[in-house]
Amino acid sequence: MRRTRKEESDDGAPRQYAGFSEDLGLYVSISVRGDRVTAVRLTEERPEGAKDEHPYLARILEHLATGRGDLRDIPLDLEVSPFDRRVLEVMRTIPPGEVVTYGELARASGRPGAARAVGGACARNPAPVLVPCHRVVPASGGLGNYSAAGGPATKRRLLEKEGALAKVKGT
DNA sequence: ATTTTGGCGCTAT
DNA sequence: AATAGCGCCAAAA
């Protein structure tokens, strides 16, 4: 297989790009293989050896800054279990400004009653922000938990920026 | 109104 | 191989 430019390679190690989000107070980094994103991370420290320019990264940072924009067309390549894949797929259709409960997402994924398992899928989400696990909240009100850096405080900022906080009970 | 109980799919002991 | 424990939920007590 001939490859003119490394950047267009579909295999091999993903390339990493990182930028800082003022709104989150965190670094956002993405791993890209070919033209697909394999991971997104939110971290306190800037990852070693990451480059800083990538169109997908720019769009993500833009979204974090404005709360607007649709990131749903950015192609993903995630290594997850079949159940998680299904859940993440449905999760990705939740538009900015909206929230759904874990239970609703379970039903929408064809697994009514698997609300808790959906929580697990969220916790393992390899691409936060692009797969908007922050838009999934407990039916009982409040924000629930958030696994990426900053925890629930980060979840709150994300929802606030998207104008979704009003739709969350008890906030 | 609050607490308990049983269900869910997966990962890490 | 088995169990515990998670970003939860709804029905029962």
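From a predicted model like this one, the values you see are computed outputs, not experimental measurements. Throughout, a chain's letter reflects where its sequence line sits, starting with A, and its residues are numbered from 1.
Regarding F83(A), its CZ atom lies at a distance of 11 Å from the P atom of dT11(B), rounded to whole Å. As rounded to whole Å, 13 Å separates atom P of dC8(C) from atom CE of M91(A). The interatomic distance linking R111(A) (CZ) with dG6(B) (P) rounds to 23 Å, in whole Å. Between D84(A) atom CG and dC10(B) atom C1' there is a gap of 7 Å when expressed in whole angstrom units. Regarding R86(A), its CZ atom lies at a distance of 14 Å from the P atom of dC10(B), rounded to whole Å. As rounded to whole Å, 13 Å separates atom C1' of dC8(C) from atom NZ of K169(A). With rounding to whole Å, R124(A) atom CZ is found 11 Å from dG9(B) atom P.
dA4(C) and dT5(B) have their P atoms separated by 16 Å, given to the nearest Å. Distance noted for atom P between dT13(B) and dG7(C): 14 Å (whole Å).
The side-chain heavy atoms of V99(A) and L159(A), taken from C-beta on, include a pair separated by under 4.5 Å. In this structure the side chain of Y146(A) reaches within 4.5 angstrom of the side chain of L42(A), judged on heavy atoms.
Here S81(A) does not reach the OP1 or OP2 of dG9(B): none of its side-chain N or O atoms lies under 4.0 Å away. Contact between the side-chain N/O atoms of R116(A) and the OP1/OP2 oxygens of dG9(B) is not found at any separation under 4.0 Å. R85(A) has no side-chain polar atom (N or O) that falls below the 4.0 Å cut-off from OP1 or OP2 of dC10(B).
Across the strands present, dC8(B) finds no partner; the criterion is a Watson-Crick or G-U wobble pair with both atom distances under 3.5 angstrom.
In the set dG7(C), dC10(B), dC8(C), the nucleotide with an atom closest to the side chain of V136(A) is dG7(C). When the nucleotides dG9(B), dC9(C), dG7(C) are ranked by their closest atom to the side chain of A117(A), dG9(B) comes out on top. Taking the side chain of R107(A) as heavy atoms from C-beta on, and the options dA10(C), dG7(C), dC9(C), the nearest nucleotide is dA10(C). The side chain of C122(A) approaches dG7(C) more closely than any other nucleotide in the set dA10(C), dC10(B), dG7(C). Each of dC8(B), dC10(B), dG7(C) was ranked by its minimum atom distance to the side chain of C133(A); first place goes to dG7(C). Minimum atom distance to the side chain of A123(A) is reached by dG7(C), of the listed dG9(B), dG7(C), dC9(C).
Inspection of the S29(A) and R46(A) side chains reveals no N or O donor paired with an N or O acceptor under 3.5 Å.
Within 4.0 Å (heavy atoms only), Y102(A) reaches at least one base atom of the nucleic acid. Heavy atoms of G103(A) sit under 4.0 angstrom from primed sugar atoms or phosphate atoms, though from no base atom.
Residue I60(A) holds its CD1 atom at 4.0 Å from CG of L130(A), rounded to the nearest 0.5 Å.
Salt-bridge check for E160(A) with R157(A): failed, with every basic side-chain N at 4.0 Å or more from each acidic carboxylate O. Ionic pairing of E98(A) and K167(A) is present here: one or more N-O contacts between side-chain nitrogen and carboxylate oxygen are shorter than 4.0 angstrom.
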